[in-house]
Amino acid sequence: MCKGSTVIEIKNVTKDYKGVKALKDINLNLTCGIIGILGPNGAGKTTLFRCILGLETYKGQIHCPDTLIGYLPQDFSFFKGLTVRESLEYLSRLKNIRLKDNEALIEETGLQDIQKRKVGKLSGGMLRRLGICQALLGNPKVVILDEPTVGLDPESRMYIRNLLARISTDKIVLISSHIASDLDYLCDQVLILNKGHVSVFDTKDHLLDALRGKVYEVEVSPEDVGKREYVSLRRDTGHVIARVISEDALSDQCVDPTLEDAFFYYKEGKNV
Amino acid sequence: MKILQLHLKLLIRTKWCWLFFPLFCFFSYGAIYDSMYNLSLSGYVTQTLIFFGAMFAYYNHIRKKKEVGEYVSVLPYFRTSQMWMILAESIYIVLLLLLMTGFVFVYGVYLGAEGWLLKEAMIYCFIYFWLPCFVSLSYGYIMGSGTPRKFHVLLIIGVGLLVGPVMRHFWYCILVVLCGTKIADKIIGAISIGQASICTTADSFYGFQIEQGRIYYLLFIIGCLWSIYFLKKRRRGWQSAVAIIVTALMAILYLNSGRYVIYDQMSEELSARENYDLYYYMEHESFYHAGNSVIEGIEGNVKLRKNLFFEGRLKLRSKENIKDTSFILYHDLEVKNIEGENVKGFEQKADSVRVYFDKEIQKDEVYFIKIKYEGYSSPYFYSNEKGCFLPGYFAWLPSEGEGSCFKVKGWALKLRNIVNENQNYDIKVDSRYPYYFKQGTLISNNHMKRYRENEVEVISPVKLDQDRRKKLIQMNRCISKGRIKEIILVPNEGGTNRIYSTVYGRTYFADSFFWLYRDTNLSKKYLKEEWEEAVQCAKEAP
């Protein structure tokens, strides 16, 4: 439905927090698909979301054609005394929609069996599912998910990743995370933010293609570990294997780049 | 409506909110057990409600902030939901208060209390339970609307103690030391939203302390708090406008509600009431001259509401040839008009009213003047719809002579004996309550006549028993018929005006009779010795 056309237009957006610039002159055109937003802590991911939602004042312009935006905050919670069903009822009313029209969504998010359970009794994974469900109530065309998998066990993370992959058709879905592997599975496009700047914004394939042939796994001695910056380190049968990005061809094994490599490579604003 | 319903569910599921319910029951039960007629534990109930209202509102605001992120604030119907939330909390509180008030009502009906008395009890509950609770609820909202701080709870408790009845005397004493009685009275009167003290009882004779002005004042405070709340929340739309308009309206109504006088010792502004006349007569000359005319009769209509209205005719006989005459009328009763065949004008100065004539009135000539006045009598004397002594011990009806009603000796105030007991009266009383008169002079309900019988009549919502030997007055101001108030009139052989206090600390007045005031159980049969002892006590009262 919205494929290809710009749905969120962000022009010259700057946000100051008492003199500290959280966002610096952001210009973006966000289109349909799942957009992963990567950035270290304090990069401005949540601030950007809050600006899009209208929770913050800012300089510049943000044009979002749909007023109903689904939002899952990083620390989602709801009245602990209400049940899952009642919470969804409540939030449906706030969105001026009927919950009965969203029964399929409840089933999709795996909440149908815990509808009578109080929110206060939900596990972290269940609570996050409830958060995703409420964000998707009313089928909004723009969905913002702030760190949807943080703090969850691998099973819950996988469930949520699969869930997001299923439900994110015909929508613009912004997912922030500092766990690049989570986004690797989901994203069409990647936005890397660092210190309030857009380091890079492109399709995942473009970013990875640009790194192809530049990512190596090299064996390093334990003494050399701290001497250079690596993307990652892993132990393999008594050796330390380091993942490095190099413009120069190395004699070691060249490997397929991942989003983590891209994040490491582009966070300082390197050109593709 | 769904959001309202969900909020109510949420409140019902909040366990600590129910902790207050047994407390209400305890206090209400205590009130009944102690004496239903004066809801004497109501100070504790009010103080509990003051704490409860503020903590309830504060906690719910904080809970919303803790449990629900601000993301909901961008949803289209968020603001409407806020109003539903506040409405749900108000309904919850109202239901709790209704339960409590209903408890009083059902118990009163069970005991066979009269309808008008139940109505008064309900109004009392409204003024002293409901309104203070809503004031503290509004205050709690304001506290909860800011960023939560640890000291907020302490502040809520502190303010609760400041405005509630528990610590009122304590604050009053401090204020008296700091700024004197007059200012202390004003400050304590302005900040207090409950009873005058924790042990205050509603006077079963005077009635409950129900004043229209008090309702306006409390509504004014609530309006102020809501205006602050909306402005703090940056809602400068219709909500702020409505709150400000209502506040202004209540302020106007309060300012126009006039002064009220409480004729009850343990009531509002205790010190102010006691000192009111003392200060006045210390500042004004205290004297008495015999008049040049005798008031032989008074007839007219008395309208008793919050204050007293009189319109009637005085029959006077001049003692000498006069061009003017004077009579005594308490200074807070303002003379509106004096007319008569030869009346040229009049002048009211302190407690004296001087009437000027066109032509000289001859000695022993009988003449009539029409007079109209309204106002309040001294705080010591009943003269409104709660009760009124007729013709009384006091110059709320014109009395002969010129001078002041009281004389001051040091810091003591003494009532002048200025009432002519040989006057004739024919007075109709217009009151919202049924009035009973002493048997023998009753013409009909609310109409009294007396011709030189040399005895004092009582007009009050009390019923006199026909058995004149016992001279029993059943005080119908008690809800419980099982515990009834009894007043026994005992002939006062001295025949002078006397004032004495009972052990309850209340002041009662006696003229031709002493009043023996007892809180007694009618189911008990008194031994003859007990009865005589009580009568003796009354006679010997100072």
Side-chain angles (χ1 to χ4, degrees), chain A residues 46 49-57 62 64 66-100 116 118-122 127-128 130-132 134-138 140 142-147, chain B residues 1-21 55-89 91-93 95-96 141 144-145 147-148 233-236:
Chain A
T46 303
F49 288 162
R50 289 174 64 82
C51 290
I52 294 170
L53 286 160
L55 287 169
E56 298 281 359
T57 53
I62 296 177
C64 185
D66 199 349
T67 51
L68 186 63
I69 300 175
Y71 179 51
L72 170 69
Q74 197 173 334
D75 51 352
F76 171 78
S77 66
F78 205 66
F79 289 119
K80 289 184 171 66
L82 291 182
T83 64
V84 169
R85 179 83 193 179
E86 286 163 351
S87 304
L88 291 171
E89 279 273 11
Y90 191 108
L91 289 156
S92 305
R93 301 290 161 150
L94 292 190
K95 291 187 176 187
N96 198 24
I97 54 166
R98 284 153 51 95
L99 185 62
K100 280 185 181 171
K116 288 183 180 170
K118 293 228 178 103
V119 174
K121 305 261 173 173
L122 293 181
L127 190 64
R128 210 58 60 89
L130 173 63
I132 293 170
Q134 65 81 24
L136 296 169
L137 281 174
V142 179
V143 179
I144 296 173
L145 308 169
D146 195 357
E147 309 272 10
Chain B
M1 284 300 283
K2 188 72 188 174
I3 291 178
L4 177 73
Q5 196 186 334
L6 289 170
H7 269 295
L8 282 171
K9 269 188 187 174
L10 199 59
L11 293 171
I12 289 164
R13 287 174 192 165
T14 308
K15 285 172 193 158
W16 76 265
C17 287
W18 287 99
L19 283 176
F20 281 85
F21 188 67
M55 289 305 291
F56 178 80
Y58 180 73
Y59 170 77
N60 282 313
H61 249 71
I62 297 300
R63 174 169 69 175
K64 203 191 93 215
K65 278 182 188 162
K66 277 186 180 169
E67 295 185 3
V68 182
E70 60 177 331
Y71 66 95
V72 292
S73 65
V74 291
L75 296 176
Y77 281 75
F78 171 71
R79 286 210 163 175
T80 318
S81 80
Q82 291 290 95
M83 295 314 292
W84 283 123
M85 188 186 85
I86 290 170
L87 187 63
E89 285 162 9
I91 288 172
Y92 185 82
I93 289 273
L95 285 174
L96 278 181
Y141 275 129
S145 64
T147 312
K233 285 273 199 182
R234 296 178 190 279
R235 289 189 200 167
R236 298 206 171 92

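Chain A is the first sequence line, chain B the second, and so forth, proteins listed ahead of strands; every chain is numbered from 1. Treat the numbers as computed from the prediction; the structure is a model and nothing was measured.
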**Q** Within a 6.0 Å radius of atom OH on B/Y59, are there more than 12 heavy atoms belonging to other residues, nucleotides or ligands?
**A**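 Yes, the 6.0 Å shell around OH holds more than 12 heavy atoms from other groups.
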**Q** Rounded at 0.5 Å granularity, tell me how far CG in A/L82 sits from CD in B/E67.
**A**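 So the CG of A/L82 and the CD of B/E67 are separated by 8.5 Å.
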**Q** Mark yes or no for whether B/R13, through its side chain, and A/G81, through its backbone, hold a donor-acceptor pair below 3.5 Å.
**A**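 Side chain of B/R13 to backbone of A/G81, a donor-acceptor pair under 3.5 Å: yes, one is there.
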**Q** About how many Å separate CD of A/E86 and NE2 of B/H7, when rounded to the nearest 0.5 Å?
**A**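 Atom-to-atom, B/H7:NE2 and A/E86:CD are 12.0 Å apart.
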**Q** More than 12 non-hydrogen atoms from neighbouring residues, nucleotides or ligands closer than 6.0 Å to NZ on B/K66, yes or no?
**A**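 At most 12 heavy atoms, drawn from other residues, nucleotides or ligands, come within 6.0 Å of this atom.
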**Q** Could you measure the distance from the CG atom of A/L94 to the OG1 atom of B/T80? Nearest 0.5 Å is fine.
**A**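 Answer rounded to 0.5 Å: 8.5 Å.
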**Q** Please report the C-alpha distance between A/F79 and B/K64 in whole Å, then the side-chain angles of each, then the deciding distance to 0.1 Å, and finally whether the side chain to side chain contact (heavy atoms under 4.5 Å, CB included) criterion is met.
**A** CA-CA 7 Å; A/F79 289 119; B/K64 203 191 93 215; 3.7 Å; yes
